[in-house]
Trainee: 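Next up is a structure, given as structure tokens.
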Amino acid sequence: QVHLVESGGGLAQPGGSLRLSCAASERTFNNYVVGWFRQAPGKEREFVAVISGSGSGTFYSGSVKGRFTVSRDDSKNTGFLQMNNLKPEDTAVYYCAATTGWWDLQNQARYDYWGQGTQVTVSS
């Protein structure tokens, strides 16, 4: 069982930045692929980004590519989502999730473990 806890959400102005963290309870965190998803009010939860267990593989949704960067520090059992040039449409609850295996990673059903989510609000 992997317990995930997100942090770092909050209020940012358009064009601003936030960095989300995803702390894992699992010592072998590097065995897991870490995905990030978000759910805006009244919308379905959607894929944002994913990073492989080694950290060498990453993939982003088209709406965040070039603005968001996913990374990890396995010495701290923590994943990160650096969000730059934020837009109002980035407002959502952001979730991290973990799974094993590098396939079909935009599919939420692939993920075995989920955090509780952290709110990100982008507004002037």
Trainee: State which residue, out of V50, V34, D112, fulfils the side chain to side chain contact (heavy atoms under 4.5 Å, CB included) condition with T99.
Mentor: D112
Trainee: Do T91 and Q119 have side chains that approach each other closer than 4.5 Å (heavy atoms only, starting at C-beta)?
Mentor: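 Side-chain contact under 4.5 Å: yes.
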Trainee: Of all residues at least two apart in sequence or in a different chain, which pass the side chain to side chain donor-acceptor pair (under 3.5 Å) check with S71?
Mentor: none
Trainee: Before giving the answer on side-chain hydrogen bond (donor to acceptor under 3.5 Å, both in side chains), spell out for D73 and T78 the whole-Å C-alpha distance, their side-chain angles and the decisive distance to 0.1 Å.
Mentor: CA-CA 5 Å; D73 183 347; T78 302; over 6 Å; no
Trainee: Check whether any side-chain heavy atom of S63 sits under 4.5 Å from a side-chain heavy atom of R38, and report yes or no.
Mentor: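 They are in contact (side-chain heavy atoms under 4.5 Å apart), so the answer is yes.
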Trainee: Restricting to non-hydrogen atoms, name the atom on I51 and the atom on W102 that form the minimum distance, rounded to 0.1 Å.
Mentor: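 Here I51 and W102 meet closest at C-CZ3, 3.7 Å.
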Trainee: Which residues pass the ring pair (Phe, Tyr, Trp, His ring centres under 6.0 Å) test with F37, not counting sequence neighbours?
Mentor: F47, Y111, W114
Trainee: Go through the steps for Q82 and N84 under the test side-chain hydrogen bond (donor to acceptor under 3.5 Å, both in side chains), then give the verdict.
Mentor: CA-CA 7 Å; Q82 177 68 43; N84 297 331; 2.9 Å; yes
Trainee: For S7, check side chain to side chain contact (heavy atoms under 4.5 Å, CB included) against everything at least two apart and list the hits.
Mentor: S21
Trainee: Show the nearest heavy-atom pair for residues Q116 and V5, with the distance to one decimal.
Mentor: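 Looking at all heavy atoms of both residues, the shortest contact is OE1-CA, 3.6 Å.
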Trainee: First locate atom CG of L81, then atom CG of L20, and finally report the distance between them rounded to the nearest 0.5 Å.
Mentor: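 Reported value, rounded in 0.5 Å steps: 5.0 Å.
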Trainee: Is it true that a side-chain atom of T28 and a backbone atom of N31 form a donor plus acceptor pair closer than 3.5 Å?
Mentor: no
Trainee: Has the side chain of Y60 got a donor or acceptor atom that lies under 3.5 Å from a matching backbone atom of V70?
Mentor: yes
Trainee: Between C22 and L4, which heavy-atom pair has the shortest distance, and what is it?
Mentor: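 Distance-wise, the nearest heavy atoms are SG-CD2, 4.0 Å.
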Trainee: Contact between V33 and T100 at the side-chain level, heavy atoms closer than 4.5 Å - yes or no?
Mentor: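 A side-chain contact under 4.5 Å is absent here.
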Trainee: The criterion is side chain to side chain donor-acceptor pair (under 3.5 Å); which residues satisfy it with R67, sequence neighbours excluded?
Mentor: D90
Trainee: So R110 and L105, do their side chains get closer than 4.5 Å, heavy atoms only?
Mentor: yes
Trainee: Under 3.5 Å, side chain of R72 to main-chain N/O of F29, donor-acceptor pair present?
Mentor: yes
Trainee: Is the CD atom of E44 crowded by more than 12 outside heavy atoms at less than 6.0 Å?
Mentor: no
Trainee: Under the rule for side chain to side chain donor-acceptor pair (under 3.5 Å), what residues qualify as partners of S56, not counting sequence neighbours?
Mentor: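 Scan of S56 (side chain to side chain donor-acceptor pair (under 3.5 Å), adjacent residues dropped) gives S54.
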Trainee: Report yes or no: does E6 contribute a side-chain atom to a donor-acceptor pair with the main-chain N or O of G117 at less than 3.5 Å?
Mentor: yes
Trainee: Under the side chain to side chain donor-acceptor pair (under 3.5 Å) test, which residues partner Y95, sequence neighbours left out?
Mentor: none
Trainee: For T118 and V93: C-alpha separation, side-chain torsions, deciding distance, then whether side-chain contact (heavy atoms from CB on, under 4.5 Å) applies.
Mentor: CA-CA 5 Å; T118 186; V93 177; 6.0 Å; no
Trainee: So, do S123 and P88 sit near enough that their side-chain heavy atoms are less than 4.5 Å apart?
Mentor: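 No. Closest side-chain heavy atoms not under 4.5 Å.
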Trainee: Would you say the side-chain atoms of Q13 pair up with the backbone N or O of V122, donor to acceptor, closer than 3.5 Å?
Mentor: no
Trainee: To the nearest 0.5 Å, what is the distance between OG1 (T58) and CZ (F68)?
Mentor: 14.5 Å
Trainee: So which atom in A24 and which in V2 form the shortest heavy-atom distance, rounded to 0.1 Å?
Mentor: CB-CG1, 4.3 Å
Trainee: Is F80 reachable from W36 through a run of I, L, V, M, F, W or Y residues, each pair having side-chain heavy atoms under 4.5 Å apart?
Mentor: no
